[in-house]
2 protein chains.
Amino acid sequence: MANIKDIAKQAGVSISTVSYALNGSPKVTAETSARILAIAKELQYTPNAAARNLKKQETKVIGVFLSDFNGAFYGELLQGMKEGLKQSGYDLVACSGKQSHRLLPQRMIDGAIVLDESFSSEELLKYADLGHKLVVLDRDLNHPNVNQVLLDNKAGARLAVEYLIELGHRKLYVVTGPKGSFDSRQRLQAVKQVLSRHPHIQYIEMEGDFTKASGALAGLQIAQHFSEPAAVFCLNDEMAIGMYEYLTTTNIRVGRDISLIGFDNIEISQYTQPRLATIDYSKQKWGWLSSEQLLKLIAGEYVEHERIYVTLIKGDSVGAALSSHFTEPF
Amino acid sequence: MANIKDIAKQAGVSISTVSYALNGSPKVTAETSARILAIAKELQYTPNAAARNLKKQETKVIGVFLSDFNGAFYGELLQGMKEGLKQSGYDLVACSGKQSHRLLPQRMIDGAIVLDESFSSEELLKYADLGHKLVVLDRDLNHPNVNQVLLDNKAGARLAVEYLIELGHRKLYVVTGPKGSFDSRQRLQAVKQVLSRHPHIQYIEMEGDFTKASGALAGLQIAQHFSEPAAVFCLNDEMAIGMYEYLTTTNIRVGRDISLIGFDNIEISQYTQPRLATIDYSKQKWGWLSSEQLLKLIAGEYVEHERIYVTLIKGDSVGAALSSHFTEPF
DNA sequence: AACATAAATGAAAGCGCTTAAAAATACTCT
DNA sequence: AGAGTATTTTTAAGCGCTTTCATTTATGTT
């Protein structure tokens, strides 16, 4: 593979002249430059990234740390991020798992967007202290080298619970995410806040882990002790779908006997029968804003933290709590 | 950030000794090694990837070129690939869009898995000629540096069409993928092959592009001239879902008036009402095999091309063609 | 023509690492 | 003890590039 030395030899100039020409420096004459460029093209020259990175101490690529690639969710997010990086000269690579933890310390990327709880906040702060630029999507971190673009989890949870209460529900199950999850904590906090203004509501908390399986399990437990109509707020759609699937195998009717609402508005949610009520937000915009923020951070510009707003999507998986509707015994 | 020079100074040895110790070479005494390692840990040393890559002319990372990140499809695939790379010492980065085309020539990756038609076969062969190792998932390429893991598209299409014919359908719409798509071409080829043995079947071909929108559009066109029960084979699920969605807004009943079958068994397909009939295969295994093949190729081992087998998933979106069932006029 | 000044090119160092080969040290054996 | 061998460490080159600084060449001024 050709390198600048080959080009220099063939053009009869020094390698520095080649380098200048290749980088469009005005130091070199238009004609020499043209000659060099022509030879470069002829030799199918492409710069060696490792050499350039080593010299310049930057890679022009930014990483996205994901906990996994499951679900259509990440696709939309990544698409948005790419949008935000257009014409910035930066490339984006997505990564998940143990390997992600190598990227920053080994300086394979110039910055990272983090949506992966396998990174402890201590680890991230350590990177930030070392000068790495980060945008976090799944926690609250205070550091000059870290910015955050967070979901308005609390508003979302509030919308969901208030919706259920307005419809007359007096018994509320909440299926949480894993203990460590920032989103789950925030959503749960908001739930309790709303509930504190409605002391007459019966509240049952169940622990889930944001997977379909845990939603199904919660559904099973609810079904076993089922006695009266109730509302269920699964703290994400994945679990809501799991519960929905389980419940369709029982004679409990979603939207009648059990009102079910999720959070995230993942693609599948619109296909359940009845449609799953949920909390929506633009994943595209989330990704777009994140990468934009990271670019600014790298450029040294001041950036304000951003927040992604949410909206309620009503769906027939939630119905009014009319006890008269529920007469037949189980 | 500490480098081997810092460690060398602190340990009172030369940088080569440090390098040897860090790489576990037997050339250096156990005690010196221990001392060096201790200092390295203390200084929080991590090797500089650019420097190592430059010297070793390899990066220990492999790339996956995707046309986009849409749908849950890619998630499963990537998960499978990661599985295949476990304990190989290789990392995996996913990439889509223009930027992907930089990775190989700039030697940022040691090899690539390609599922992206924005790469022309000429481009890929050029890379292969330059010594890059590739595994292609979306075309048929004959080159010692290229391996392929292909779906058994023909078997799948055959299963789908024969299923429809067996149920008595005599009118078949096929919605194709984009012209350039290898999968679409293969599937279509198999369709025609089956049809050549059933000359009495009325065949209408419509061009789609594998997107939901194009499926919906095809649905619209079919609905406009709807006169008698028919079967529709959308060459992927995405389009089938699009058509399904459109048809639910009409009074044409999927599974009765129109029998609909897709290909891919994407996650959503199991949630339509009635369930979409489709062709299934393990995305996980596809990914896993691909990365395994790439590793072998890089290691210089001989590898046989692999094939991913498919199965038919029946669903109520397909029904028997009983003309008596269709009596009311539209 | 002699000089100052500006423009174009080249020489050289160095980014952080690996590794072949040389040098230094330790260990055998007569 | 000293030659020979094995073990441990160091020297030094180089991967391909960027960039500072020195050098050469062209341009303008008197």
Side-chain angles (χ1 to χ4, degrees), chain A residues 1-37 39-40 43-61 89 102-110 130-131, chain B residues 1-37 39-40 43-61 89 102-110 130-131:
Chain A
M1 306 215 97
N3 56 28
I4 55 171
K5 220 159 144 189
D6 301 323
I7 302 179
K9 198 183 298 170
Q10 184 141 354
V13 296
S14 72
I15 60 164
S16 41
T17 305
V18 174
S19 176
Y20 286 133
L22 254 22
N23 291 299
S25 158
K27 294 181 167 187
V28 53
T29 341
E31 47 185 337
T32 353
S33 183
R35 190 159 46 94
I36 289 173
L37 260 27
I39 293 174
L43 296 183
Q44 299 202 51
Y45 170 81
T46 32
N48 180 308
R52 165 176 270 161
N53 292 349
L54 177 57
K55 182 67 196 180
K56 302 200 75 170
Q57 303 284 50
E58 65 168 22
T59 63
K60 286 283 174 189
V61 2
R102 279 178 37 181
L103 267 34
L104 238 9
Q106 300 197 170
R107 274 138 293 177
M108 302 178 77
I109 53 180
D110 290 347
L130 290 170
Chain B
M1 301 216 101
N3 59 25
I4 56 172
K5 221 159 144 189
D6 301 322
I7 302 179
K9 197 183 300 172
Q10 184 141 352
V13 296
S14 73
I15 60 161
S16 46
T17 305
V18 174
S19 176
Y20 286 131
L22 253 21
N23 292 299
S25 158
K27 293 181 168 186
V28 53
T29 340
E31 46 184 339
T32 353
S33 182
R35 190 159 46 95
I36 291 172
L37 260 30
I39 293 173
L43 297 183
Q44 299 203 56
Y45 170 81
T46 31
N48 180 308
R52 165 177 270 159
N53 293 349
L54 176 58
K55 181 66 197 183
K56 300 200 78 170
Q57 303 284 50
E58 64 169 24
T59 63
K60 287 286 176 184
V61 1
R102 279 177 39 180
L103 265 35
L104 238 9
Q106 302 197 169
R107 275 138 293 178
M108 300 179 79
I109 53 179
D110 291 347
L130 289 170

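Naming convention: chains lettered A, B, ... in sequence-line order (proteins, then strands); numbering from 1 in each chain.
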Return the [atom1] to [atom2] distance between [X] and [Y], rounded to the nearest 0.5 Å.
X: B:T32; Y: B:R35; atom1: OG1; atom2: CZ; answer: 6.0 Å
X: B:N53; Y: B:R107; atom1: CG; atom2: CZ; answer: 11.5 Å
X: B:Q10; Y: B:K5; atom1: CD; atom2: NZ; answer: 15.5 Å
X: A:I36; Y: A:E31; atom1: CD1; atom2: CD; answer: 11.0 Å
X: B:Q106; Y: A:K60; atom1: CD; atom2: NZ; answer: 13.0 Å
X: B:I4; Y: B:I15; atom1: CD1; atom2: CD1; answer: 4.5 Å

Polar atom pairs (N or O), protein with nucleotides 24-26 of chain C, under 3.5 Å:
none

Please tell me which of B:V13 and A:Y45 maps to the more 5' nucleotide of DNA chain D, matching each residue to the nucleotide holding its nearest heavy atom.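 Going by which nucleotide is closer to the 5' end, it is B:V13.
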Strictly distance-based, threshold 3.5 Å: is any side-chain N or O of A:D110 a donor or acceptor partner for the main-chain N or O of A:E58? no
Quick one: does A:N3's side chain have a donor or acceptor within less than 3.5 Å of a partner on A:D6's backbone? yes
Which ones in residues 48-59 of chain A lie close to DNA chain D, meaning a heavy atom under 4.0 Å from one of its atoms?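 A:N48, A:A51, A:R52, A:K55, A:K56, in order of number.
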In residues 16-29 of chain B, what residues come within less than 4.0 Å of DNA chain D, judged by heavy atoms? B:S16, B:T17, B:Y20, B:K27, B:V28, B:T29
What's the verdict on side-chain hydrogen bond (donor to acceptor under 3.5 Å, both in side chains) for A:S19 and A:S16, showing C-alpha distance, side-chain angles and the deciding distance? CA-CA 5 Å; A:S19 176; A:S16 41; over 6 Å; no
Expected list for residues 43-52 of chain A: side-chain donor-acceptor pairs under 3.5 angstrom, two or more places apart:
unit_1	atom_1	unit_2	atom_2	d
A:T46	OG1	B:P105	O	3.2
A:N48	OD1	A:A50	N	2.8
A:N48	OD1	A:A51	N	3.1
A:R52	NH2	A:N23	OD1	3.1

Round to the nearest Å and state the distance from B:N3 atom CG to C:dT18 atom C1'.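 Spelled out: CG on B:N3 to C1' on C:dT18 is 14 Å.
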Report yes if the side chains of B:L130 and B:L104 come closer than 4.5 Å at any heavy-atom pair, otherwise no. no
Which two nucleotides bound the region of DNA chain D that has atoms under 4.0 Å from heavy atoms of chain A, read 5' to 3'? D:dG16 to D:dT20
For A:L22 versus A:A40, what's the shortest heavy-atom pair and its separation? CD1-CB, 4.1 Å
Considering all heavy atoms, the nearest A:M108-A:T59 contact: O-OG1, 3.3 Å
Which angle, to the nearest 10 degrees, lies between the helix axes at the two ends of the helix from C:dA1-D:dT30 to C:dT30-D:dA1, each defined by five pairs?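 Answer for the end axes of this duplex: 50°.
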